[in-house]
Amino acid sequence: MGFILAAIGSAVGLGNIWRFPFQTSANGGAAFLVVYLLAVLLIGIPVLLAEFVIGRRANTSAIGAFRKLGRPGWWFVGAVGVIAAFWTLSYYSVIGGWVIRYIGGSITGGALAAPESYFGAISVGLPSVGTHAIFMLITIGIVALGIEDGIELATKVMVPAVVVMLVGLAAFAATLPGASEGYAFFLNPNLDTIIANAGTVLPAAFGQAFFSLSVGFSVMITYASYLGKNDSLPVDGVTIGISNTIIGVLAGLVVLPLLFAQGVEPGSGGPGAVFVAIPTALAELPGGGLVGQAVGVVFFGVILIAALSSAISLLEVVVAYLVDNYGFSRLPTAAGIGAAIFLLGIPSAWETAWLDWFDGIGVTLLLPITVLFVVLFVGWVLGQDAIDELTDGSGIGSLAPIWLWGIRTFILAVVVIVVAINLWDLLATPDTGYYIVPGPLR
Ligand code: PHE
């Protein structure tokens, strides 16, 4: 399948539309936005290129890539990424299930009539486990049958559709009283706030940048193994990085003004923020309930495609690894692994606190650590080979050494700082943050 479409399909997903707005709202608005944008440009895109370099040079899926590059001892980097993919899909699928539920809830109107209690009812317990199962089954079906080509077409439709829907909703949100406070919160950064909260904003913004770009999951390594020598890695990386970021920021321009217009305290929406804010707005669309319901069906339908094209990339890395390395056949492997991921996701489906916990461990621990090893590997092990690989097909000869030096020094230093902050949180302050096990199932 077309690499760039697959990669954009993987990057654009619930991370942009669900995670970005509520993280922004929880982490100080514009302060988060600024650090996030810097993280994408200065760190995220160069790391994305590093994963492309590994994948295309090795021309095989993630764990085998390190062996094929003549550094078998580094296989564990691919392994941590595969584990991160397994881990992440377990709760990603829960949110995907909510999206499916909201398509139904838009058809019946139930989701728009009383958004808050609707979300409360469908996001926990058996209903949530049920929709999690449905989402996982669809994902397994696509990966098992190897019909990802269909996703190429879906991505072609999904990306423009997401943009149109978000622009339309953003325009509507702008007309609501109270929206301007949302813009002030989202778009007007204050340096002092950033500095005072660096310890929380930095890890959150970097985690979001990696998550949203799908780096640190071995996904982009695996996808880049399909690339030809004539493809320009920098052009592809920048295209993916920018389009993905625009979609996240657009979602912010919808959700934050809506939250303010609806009088929700910043940060209090949590994982439900989008699922409550959007239906509340849909119910108020001019033209009455049916218009809102129709827009809701299309909106959540488009988000479902975005979520599926990300979810299949997560399942695919795990399946591709087992199929490539052990010669397992595709269908049973996809079914077996998918079933295991479903089981791991049950706590997240049952209780939102668990979803938060899984998300926190994945994004603050697994992700930055894999990224750290990718950076070390490409910068200090591949070295000159990485420059050659990045230059092939790109015509950016003179920029490649600058990129490598960035990877070796500045980027490495920043990622080390992010990992250090997260480990500090884990080890030194064990009773705060994501590392405490949530109450209900303790
Ligand atoms: N980037 C995806 C999103 O924003 C999530 C994802 C992460 C998908 C890692 C694949 C790999 O929704």
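This chain uses plain numbering: 1 for the first residue, then up along the sequence.
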Are I337 and F86 packed together at the side-chain level, in the sense that at least one heavy-atom pair is separated by less than 4.5 angstrom? yes

Could I get the full list of side chain to side chain contact (heavy atoms under 4.5 Å, CB included) partners for V34, not counting sequence neighbours? L38, P189, I194

Please list all pairs passing the ring pair (Phe, Tyr, Trp, His ring centres under 6.0 Å) test where one or both residues lie in residues 30-49, with sequence neighbours left out. F20-Y36

Closest heavy-atom contact between P46 and I407? O-CD1, 3.8 Å

Can you name the nearest heavy-atom pair linking V418 to P203, along with the distance? CG1-CA, 4.3 Å

Can you name the nearest heavy-atom pair linking P127 to A121, along with the distance? CG-O, 3.7 Å

Of all the heavy-atom pairs spanning V295 and M165, show the shortest one and how long it is. CG1-CE, 3.8 Å

F22 vs V274, test: side-chain contact (heavy atoms from CB on, under 4.5 Å). Steps then yes/no. CA-CA 7 Å; F22 95 81; V274 178; 5.6 Å; no

Within the 4.5 Å heavy-atom criterion, are D425 and T364 side-chain neighbours or not? no

Distance col, row I417:CD1 vs N422:CG, nearest 0.5 angstrom, shows 12.0 Å

Which distance, rounded to the nearest 0.5 Å, do you find between the OG1 of T88 and the CG of L367? 6.0 Å

Summary of side-chain hydrogen bond (donor to acceptor under 3.5 Å, both in side chains) pairs that have at least one residue in residues 195-211, sequence neighbours excluded: R19-Q208

Sequence neighbours left out, what passes side chain to side chain donor-acceptor pair (under 3.5 Å) with T131? Give chain and number order. none

For residues S310 and Y92, determine if any side-chain heavy atom of one lies less than 4.5 Å from a side-chain heavy atom of the other. yes

Could you check whether any side-chain heavy atom of V157 comes within less than 4.5 Å of a side-chain heavy atom of I305, counting everything from C-beta outward? no

Please tell me whether Y118 and Y102 form a close aromatic pair, meaning their ring centres lie under 6.0 Å apart. yes

Side chain to side chain donor-acceptor pair (under 3.5 Å) with S93: which residues, sequence neighbours excluded? H132

Please name all residues satisfying side chain to side chain contact (heavy atoms under 4.5 Å, CB included) with A58, sequence neighbours left out, ordered by chain then number. T60, A65, K68, L69

Please state whether the rings of F76 and W74 are parallel, tilted or perpendicular, taking 30° and 60° as the class boundaries. parallel

Side chain to side chain contact (heavy atoms under 4.5 Å, CB included) against S128, all qualifying residues, sequence neighbours excluded: V94, W98, A349

Heavy-atom distance under 4.5 Å between the side chains of T193 and V201, does that happen here? no

What side-chain hydrogen bond (donor to acceptor under 3.5 Å, both in side chains) pairs are there with at least one residue in residues 159-181, not counting sequence neighbours? none

For L137 and F342, run side-chain contact (heavy atoms from CB on, under 4.5 Å): C-alpha distance rounded to whole Å, both residues' side-chain angles, the deciding distance at 0.1 Å, then the answer. CA-CA 9 Å; L137 277 175; F342 166 73; over 6 Å; no

Could you check if a side-chain atom of E51 sits within less than 4.5 angstrom of a side-chain atom of V378, using non-hydrogen atoms only? no

Tell me every residue that passes side chain to side chain contact (heavy atoms under 4.5 Å, CB included) with A251, counting only those two or more places apart in sequence or in another chain. I17, P21, L166

W354 side chain near I346 side chain, heavy-atom distance below 4.5 Å: no

Could you tell me the separation between the CD1 atom of I242 and the CD1 atom of I247, rounded to the nearest 0.5 Å? 12.5 Å

Should the ring pair F211 and F217 be called parallel, tilted or perpendicular, given that the plane angle runs from 0 to 90° and is split at 30 and 60? perpendicular

Are any of the side-chain heavy atoms of T370 and V215 separated by less than 4.5 Å? no

What is the minimum heavy-atom distance between A277 and L258, and which atoms define it? O-CD1, 3.8 Å

How long is the straight-line distance from CG of N16 back to CG of L250, given to the nearest 0.5 Å? 10.0 Å

Looking only at the side chains, is there a donor atom on one of S212 and N244 sitting less than 3.5 Å from an acceptor on the other? yes

I'd like a table of donor-acceptor pairs (distance under 3.5 Å, sequence neighbours excluded) in which one partner is a side-chain atom from residues 6-14, with atom names and distances.
from : atom 1 : to   : atom 2 : distance (Å)
S10  : OG     : S214 : OG     : 3.0
S10  : OG     : S313 : OG     : 3.0

Restricting to non-hydrogen atoms, name the atom on L213 and the atom on I45 that form the minimum distance, rounded to 0.1 Å. CD1-N, 4.1 Å

In this structure, which one of F373, F377, W75 forms a ring-ring contact (aromatic ring centres under 6.0 Å, His included) with F66? F377

For F52, enumerate each residue passing the ring-ring contact (aromatic ring centres under 6.0 Å, His included) test, keeping only those at least two apart in sequence or located in another chain. F3

Take V276 and V264 through the test side-chain contact (heavy atoms from CB on, under 4.5 Å) and record every step on the way to the result. CA-CA 10 Å; V276 176; V264 179; over 6 Å; no

Would F300 and L304 count as a side-chain contact (heavy atoms from CB on, under 4.5 Å) here? Give the steps. CA-CA 6 Å; F300 287 109; L304 177 62; over 6 Å; no

Mark yes or no for whether W350, through its side chain, and V129, through its backbone, hold a donor-acceptor pair below 3.5 Å. no

Just jot down the salt bridge (Lys or Arg N to Asp or Glu O under 4.0 Å) partners of R101, sequence neighbours excluded, or say none. none

Could you measure the distance from the CZ atom of R330 to the CG atom of L145? Nearest 0.5 Å is fine. 9.5 Å

Side chain to side chain contact (heavy atoms under 4.5 Å, CB included) partner of D236, the single match among L49, I4, L48: I4

Return the CZ to CG distance between F135 and L308, rounded to the nearest 0.5 Å. 4.5 Å

